[in-house]
Amino acid sequence: ADDVTLQLKWVTQAQFAGYYVALDKGFYEEEGLNVTIKPGGPDIAPTQVLAGGGADVTVEWMPAALAAREKGLNMVNIAQPFKSSGMMLTCRKDAGIASTDDFKGKTLGVWFFGNEFPFLSWMSQLGIPTDGSDGGVEVLKQGFNVDPLLQNQAACVSTMTYNEYWQVIDAGLTPDDLVTFKYEDEGVATLEDGLYALEENLADPAFEDKMVRFVRASMKGWKYAEENPDEAAEIVLDNDASGAQTEKHQKRMMGEIAKLTAGSNGALIEADYQRTVDSLLAGGSDPVITKAPEGAWTHAITDKALN
Amino acid sequence: MIGWIGFAILAWFAGMLVNSWLARDPGVQWRRLAAPIVFGATMIAAWEGIVRGFDISEVLLPAPSVIAATFAASLDILWVDFVQTVIKGALSGYLIGCGAAFLIAVAIDRYPFLQRGLLPVGNFVAALPIIGMAPILVMWFGFDWQSKAAVVVVMVFFPMLVNTVQGLQDTGAMQRDLMRTYAASYWQTLFKLRLPAAMPFIFNGLKIGTTLALIGAIVAEFFGSPVKGMGFRISTSVGQLALDLVWAEIVVAAIAGSTFYGVMALIEKSVTFWHPSQRT
Amino acid sequence: MTIIQAQNLDLTFQTNDGPIHALKDVSLDIEKGDFISFIGPSGCGKTTFLRVMADLEQPTGGSVTVNGVAPEDARKARAYGYVFQAAGLYPWRTIGGNIRLPLEIMGISKAEQTERVARVLELVELAGFEKKFPWQLSGGMQQRASIARALSFDADILLMDEPFGALDEIVRDHLNEQLLKLWDQTGKTIAFVTHSIPEAVYLSTKIVVMSPRPGRITDVIDSPLPKDRPLDIRDTPEFLEVAHRVRDGLRAGHLDE
Amino acid sequence: MTIIQAQNLDLTFQTNDGPIHALKDVSLDIEKGDFISFIGPSGCGKTTFLRVMADLEQPTGGSVTVNGVAPEDARKARAYGYVFQAAGLYPWRTIGGNIRLPLEIMGISKAEQTERVARVLELVELAGFEKKFPWQLSGGMQQRASIARALSFDADILLMDEPFGALDEIVRDHLNEQLLKLWDQTGKTIAFVTHSIPEAVYLSTKIVVMSPRPGRITDVIDSPLPKDRPLDIRDTPEFLEVAHRVRDGLRAGHLDE
Amino acid sequence: MRAAVLPILTVVGIIFVLWYAAAVWLNAPWAYDKATRSGADMHFTALVEDTWSQEKPKLPAPHQVGAELWKTTVEKKITSKRSLIYHSWITLSATLLGFLLGTGLGVLLAIGIVFNRTMDMSVMPWVIASQTIPILAIAPMIIVVLNAVGISGLLPKAMISMYLSFFPVVVGMVKGLRSPDQMQLDQMRTWHASASQTFWKLRLPASMPYFFTSLKIGMAASLVGAIVGELPTGAVAGLGARLLAGSYYGQTIQIWSALIMAAALAAAMVGLIGAVQRVTLKRMGMA
Ligand SMILES: Nc1ncnc2c1ncn2[C@@H]1O[C@H](COP(=O)(O)OP(=O)(O)OP(=O)(O)O)[C@@H](O)[C@H]1O
Ligand SMILES: Nc1ncnc2c1ncn2[C@@H]1O[C@H](COP(=O)(O)OP(=O)(O)OP(=O)(O)O)[C@@H](O)[C@H]1O
Ligand SMILES: Cc1ncc(C[n+]2csc(CCO)c2C)c(N)n1
Ligand SMILES: [Mg+2]
Ligand SMILES: [Mg+2]
């Protein structure tokens, strides 16, 4: 069997259920692949792992991938299992937030480490400075959790519909206490979890073939997970070596994830790509990327995989 | 490619040759200073040669020349981060932590009951990996430099405490007896005998604290921070694959840490000039 | 007047090898103006006895008084100066600073401190070395500085534990003469430990011979020598006779073993 | 036969206070079977001279030969045993282990090691203490063990730096006798540093008086005493006369200052 | 030994009292926050009760941590991923390997520095500078680079452990190997001992007390290194992963139990070295 190493963007959780299902159900094996899944974490830059040769293919968000591409790392989107973005800003009503107009002068928690790009381009579209100048917002580098919101250290924090939002709810705040701004609704959604590989590797037909089989099996996994969310969550739990995940949380997450993967058969939709690029280019004085990237995605793999 | 690798090997041998020549007469001050500089230059030259020779990707390990260029181009960012992390976070935490440890050490030394009870517990607490403490302290003290200072306080506290307590006990029996024959009071004995005698140990604690303070302040920024600071910049830049900026920050950290250490070592030299270890 | 009185002193050290009987049933009276030497083989308790008088060691039996009071009270009244077997100067203080130390502690005025330091440095012939640090002096000079330190505050009792051990014969002779002169002029009471028989005989009004295991007094020899002692008194028959008695006492102690 | 020959030796230490002239223009011949004592005030260069012979210090001028070769070659041929001013036993080795150390280094067989250790322990009267650690012995016993260590490998030359400094008179007398006996029986050549005039006179065939600043030889006194010396030879007029000459030489050195 | 029991109990007692008090103080805002949002009011006993039993407290009360420790050590099979003993073992294996590597490297460097003047003069300042580099910052890069050359699994974690633990060993051993005084070295010279004889028979035994002290510090540093190393290796398992997962989900109780476990682990390892030290030094007659 051919070896394939997949680097995830974050720790083992239902966000990556499709891959674990494909592994567990033998979909990879059926394609003659021997897949190793490496969980990520707060200090892991999947782009760097890819560059260092630690993985053949990686799950990454498109803004980070395009930024890395501009740095000279030729990574290419070969499939896009996530159709919609799950990112949002969750705010406390009692901090005085009702609409985007209320942001000025407030403290907002943001993820960095390559995940700050969507936020920055949204703010520049709103015309709100983030560099601490007058009439702007104060930005915090948010840690791993939603503490700043619970401790009243920030008016809003970044959350994912499928994960951190529920941690806020579990902590005792009710949806009535909160206001949420989904990037999707604000028209600034960027593409999330896609699969990326290195351009020079793809030039090798054997590698390309491996990727075709990999994407095919992965998408089969995703569709299985969408249809059997509870079983998928159980599979994820079985694969979590840290023993920290709970069944309740993973089942709920799987439900939310299914909504995001729903509209995708794995092939990148060019319009979504274009929207992402436009949003990133509109970054005002400090854009995330300076020019429209070329060759940052390919349908070559999905075309073969899906037929 | 072969040329660059050859350059690396050549630089290495040349550096070692120069240094063994320098080491022939270690009594001379400038030779003592030159040797580590030559060694550093050798390593940097070899690094440059290897990175270029093996064509290592810039997103994995940038060459020193690239780092230097970034360093020069980002002085303003580096300065802002330096102030946030080193001046506000590390230095204030260092002063508070060492000061508190010193006072508590004197108290412990005064009351043997505390000594027997606090030291074992203290050793246990000192074994707590601060990496784990950092997120908790960020949660308690907020995002700005105060929580970084708190992490630094926790980090430098125990080395300083343990060293000071040990130092205060490091008086010779005869030196103490002498004070007894003068019927000297507790405070007289403290100021005229025990503190001077403890200085070599106290400076050990202070020196260990310098590197710990810096590491603590930077690491704490990984767990939440405002949008400046060396730790913030490092983690953000890794995510953006701006490895040249990461290394520029590391260079700042190494320079700041070594300078901090060197300053303490100089003060130590002038305060404990009498100690045998300082006389050769 | 009896300055120091020891009655049936006993002192046992508890060690993990079992108890060591350092002093057993030791009784001795020291009168005002006496110059008493203690002599005896290594480990016979000379230092221990001196330390008991100085309240640096607690006897496990018997009693001692110094100036009529308990050693602790005498110590707190700063009744004595003590010269240790090793110089024990503080390395972070200059020679002058070391001698000034007890004066500072006793709260003596700055001006007087300066004056006294100069005087005792003169006495031990170290004038000009005030600003040097201890490690810049030879062992013998350090020992002299430590003697100067004990003399600086002018206590009426001097307890000296082999103060001249590290010195060569010429310097030693010289310091012996100086010490006798000081004793003669000031009427101090001196207890003095030594390994040298001629030194003990030359200096003392009374020589106490001790013996080890258990540490005890085996002989107390009163010296018939006059108070005024030129160095060549050491060639007189009286001197040699006393020296003989001491040597016999010592040898007896060694044979015991 | 001349065993050690020093010609116009000069040795200056460079220190941050400026140079110290430890030896100046020192010339001396030591013949086979000589017992030479060095005496002089603290800091006059006795130890330094001994160290030059032992190749532990490099002279800055002049020349030395030991057994007709350079000191370095003599050292490598293990021509001498050296007793240091302090005992310097290794605390992690027993007394036996300490004495065995040079034998191990010289590659002597296990059986022979055992035999030699027993013999020298006997000689310094420490039989039965082989298994003890140094800190379980008194200072005097430690010093004797260090002498035993220097004797264990039976070099023809012995360099001894104040080996008996820390001992009381009785023990010292005894060891002096033993050393003389050993010297007499084995015909070793011995260079011996001491502070004590009687000791120097009692032991030596030749007494070298030294003087400091700069360190130099001021007098070399040949002893007229016979090779066979009972302890009470020290009361004879010949003995006292030599002692007088040495004392005068020493005093002259002191007046120089 | 027994003399220490009462003072330790007293100090531990005081710490517990302070801890409980701090738990009330730190957790009270959240309790009030909840109360105002639900419109109920809070009196003191209810407050105390709430602050000592929150699910995600700012500071968990000691009994909460104790219960969690009990649950995750005694009540779980040690092969379970939810067993703290399982995670401790993962961390411990990396710690031990890193400790061995670090000690080895430290001792070798120290020998080089003591025997080679060139190394002494040029390397030591860089050893110090190396410790001012924030390890957490370069740990991910180390992992990636090692990965790139095909090294993964236990070794990368152990390398980070090694990086932190070799420093105290170098410093201590240089001091220790230099601790023989001039006279002891001169003695060796008079016997014409070779360099290796001087090393084995003098320098090495003389350095033993320093060696053990360095080992203790190195072991503690090694554990920190293993935990740091676990974060960028995907935080799959181990105490570091527990800390991180706890932190990620705001599970403070889990963080604290992992922290206490790590401290206990360090204390146990250091205690073990102390025991070996006592036996060895006693054998050598140095204690
Ligand atoms: N602190 C102590 N603990 C245990 N034993 C001790 C202590 N101090 C002294 N001793 C023992 O008490 C005995 C007497 O010791 P002391 O120091 O009084 O002898 P000394 O006559 O002064 O000998 P020296 O001439 O060698 O100075 C010795 O056997 C010594 O080992
Ligand atoms: N390593 C050294 N560096 C600098 N000066 C030294 C050194 N060793 C000895 N001296 C100086 O050389 C002189 C002679 O010293 P040496 O030790 O030979 O004297 P000594 O006659 O043995 O004295 P003592 O009787 O005190 O042992 C002294 O002034 C001493 O300070
Ligand atoms: C330190 C750090 N914080 C947040 C993210 C953002 N992020 C990327 S994927 C993902 C999963 C959401 O459940 C999240 C939160 C990160 N990568 N690193
Ligand atoms: Mg004594
Ligand atoms: Mg000498």
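Naming: A, B, ... by sequence-line order, numbering from 1 per chain. The shown structure was predicted, so the numbers you read here are calculated from the model rather than taken from an experiment.
- Closest approach of Met173(E) to Ser207(E), counting heavy atoms only: CE-OG, 3.6 Å.
- Glu230(E) and Thr91(E) form a side-chain donor-acceptor contact under 3.5 Å, judged by distance and modelled atom types alone.
- At a 4.5 Å heavy-atom cutoff, the contact between Val246(B) and chain E is made by side-chain atoms alone.
- Of the listed residues Ile136(B), Leu61(B), Leu212(B), the one with more heavy-atom pairs under 4.5 angstrom with chain E than any other is Ile136(B).
- Between Lys228(B) and Asp81(B) there is no salt bridge, since no side-chain N of the basic residue sits under 4.0 Å from a carboxylate O of the acidic one.
- The distance from atom CD1 of Ile260(E) to atom CG of Leu84(E), rounded to the nearest 0.5 Å, is 11.0 Å.
- Neither the backbone nor the side chain of Ser235(B) comes within less than 4.5 Å of any heavy atom in chain E.
- Contacts between residues 10-18 of chain E and chain B, counted as heavy-atom pairs separated by less than 4.5 Å, involve Thr10(E), Val11(E), Val12(E), Ile15(E).
- The ring of Tyr94(B) has its center closer than 6.0 angstrom to the ring center of Phe260(B).
- Taking CE from Met133(B) and CG from Leu243(E), the interatomic distance works out to 11.0 Å, rounded to the nearest 0.5 Å.
- With no hydrogens or angles considered, a side-chain donor-acceptor pair links Lys216(E) and Gln277(E) at under 3.5 Å.
- For chain B, the option among Val270(E), Thr252(E), Leu59(E) with the highest count of heavy-atom pairs below 4.5 Å is Leu59(E).
- In this structure, Glu249(B) CD and Leu78(B) CG are separated by 5.0 Å, a value rounded to the nearest 0.5 Å.
- Taking the six-membered ring where the residue is Trp, Trp47(B) and Trp247(B) present perpendicular rings, their angle passing 60° and hence far from 30°.
- Each of Lys58(E), Met219(E), Gln131(E), Met119(E) has some count of heavy-atom pairs under 4.5 Å with chain B, and the biggest count is that of Lys58(E).
- Remark: Ile37(B) CD1 to Thr42(B) OG1 distance equals 11.5 Å, nearest 0.5 Å.
- Both the backbone and the side chain of Trp140(B) have a heavy atom closer than 4.5 Å to some heavy atom of chain E.
- For a residue to count as touching a neighbouring chain, one of its non-hydrogen atoms must lie under 4.5 Å from one of that chain's; by this rule Ala221(E) does not touch chain B.
- If you measure heavy-atom distances from Leu243(B) to chain E, the contacts under 4.5 Å come from the side chain alone.
- Side chain to side chain, Thr51(E) and Asn27(E) fail the donor-acceptor criterion of an N or O pair below 3.5 Å.
- At a 4.5 Å heavy-atom cutoff, the contact between Ala129(E) and chain B is made by backbone and side-chain atoms alike.
- A distance of 9.0 Å separates CD of Gln240(B) from CZ of Arg233(B), quoted to the nearest 0.5 Å.
- Ranked by heavy-atom pairs under 4.5 Å with chain E, the list Ile255(B), Ile250(B), Leu214(B) is led by Ile250(B).
- For Met230(B), no part lies near chain E; criterion is any non-hydrogen pair under 4.5 Å.
- Contacts of Tyr261(B) with chain E are made by side-chain atoms alone, with heavy-atom separations under 4.5 Å and no backbone atom involved.
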